[in-house]
Chemist: 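Okay, handing you the structure first.
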Amino acid sequence: MSDAGKQAVLQMKYARIIDAMARLGQMTPEEAMDVFYNAPLMPLIQEGVADLHCRSDEYLAKEMLRDAGFPACDSPEPSSQSVER
């Protein structure tokens with residue numbers, strides 16, 4: 001795949017991550033874009049560090065939101081059942 005092709009695929013991934021961030025973080029796409037492009041993880045995805053670009057869009061969106069100080073989107077609710085020891 002050419003460099004232009006790789007860039008196009010990466011740009012589409014960015015769009016999907018931003019969309020997921022807006023949905024999960026309950027913010028506008030513009031706010032999500034601002035968080036995305038200022039996230040410390042963004043350059044690492046762009047450079048292909050640790051194959052982060054291979055991770056799911058939702059996983060990366062949650063990580064970026066967590067890094068930006070938004071509440072964890074996938075935190076399990078405390079169980080009503082406790083384990084007795």
Side-chain angles (χ1 to χ4, degrees):
M1 183 182 297
S2 69
D3 285 341
K6 289 177 185 175
Q7 280 300 90
V9 170
L10 203 51
Q11 291 295 325
M12 291 302 299
K13 180 149 191 88
Y14 296 165
R16 291 189 308 270
I17 294 169
I18 291 166
D19 182 60
M21 290 173 70
R23 182 174 36 82
L24 294 168
Q26 298 180 340
M27 62 180 78
T28 67
E30 291 80 12
E31 291 168 326
M33 190 179 298
D34 184 53
V35 173
F36 175 80
Y37 282 108
N38 289 299
L41 202 54
M42 194 278 181
L44 300 177
I45 296 169
Q46 189 175 30
E47 294 166 13
V49 173
D51 289 332
L52 287 172
H53 60 282
C54 295
R55 301 280 181 153
S56 76
D57 303 332
E58 191 162 319
Y59 171 82
L60 292 169
K62 288 176 181 179
E63 287 300 311
M64 289 182 160
L65 288 170
R66 206 172 289 123
D67 284 348
F70 288 83
C73 302
D74 59 345
S75 299
E77 293 296 318
S79 174
S80 61
Q81 301 174 350
S82 61
V83 176
E84 298 288 328
R85 291 194 185 241

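Computed from a prediction, not measured in an experiment: that's the story for all the values here.
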Chemist: Which atoms form the tightest heavy-atom contact between Ala68 and Val35, and what is the distance?
Modeler: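 Minimum heavy-atom separation between Ala68 and Val35: CB-CG1, 3.7 Å.
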
Chemist: What I'd like to find out is whether the side chain of Met27 reaches to under 4.5 Å of the side chain of Asp34, using heavy atoms alone.
Modeler: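 Not in contact.
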
Chemist: Below 3.5 Å, can you tabulate the donor-acceptor pairs from side chains in residues 39-55 to any protein atom, sequence neighbours excluded?
Modeler:
none

Chemist: Roughly how far apart are Leu24 CG and Ile17 CD1, rounded to 0.5 Å?
Modeler: 12.0 Å

Chemist: Can you run down the side chain to side chain donor-acceptor pair (under 3.5 Å) pairs that involve residues 9-23, sequence neighbours left out, and say none if there aren't any?
Modeler: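 The answer is Lys13-Asp57, Arg16-Asp57.
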
Chemist: Hydrophobic cluster membership, with links at side-chain heavy-atom distances under 4.5 Å among I/L/V/M/F/W/Y: are Tyr37 and Met12 in one?
Modeler: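 No, it is not one cluster - the side chains of Tyr37 and Met12 are not joined through contacts under 4.5 Å.
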
Chemist: So which heavy atom on Ala61 is nearest to which on Ala20, and how close?
Modeler: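 Nearest heavy atoms, Ala61 then Ala20: CB-CB, 3.7 Å.
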
Chemist: Listed by chain and number, what are the side chain to side chain donor-acceptor pair (under 3.5 Å) partners of Gln26, not counting sequence neighbours?
Modeler: none

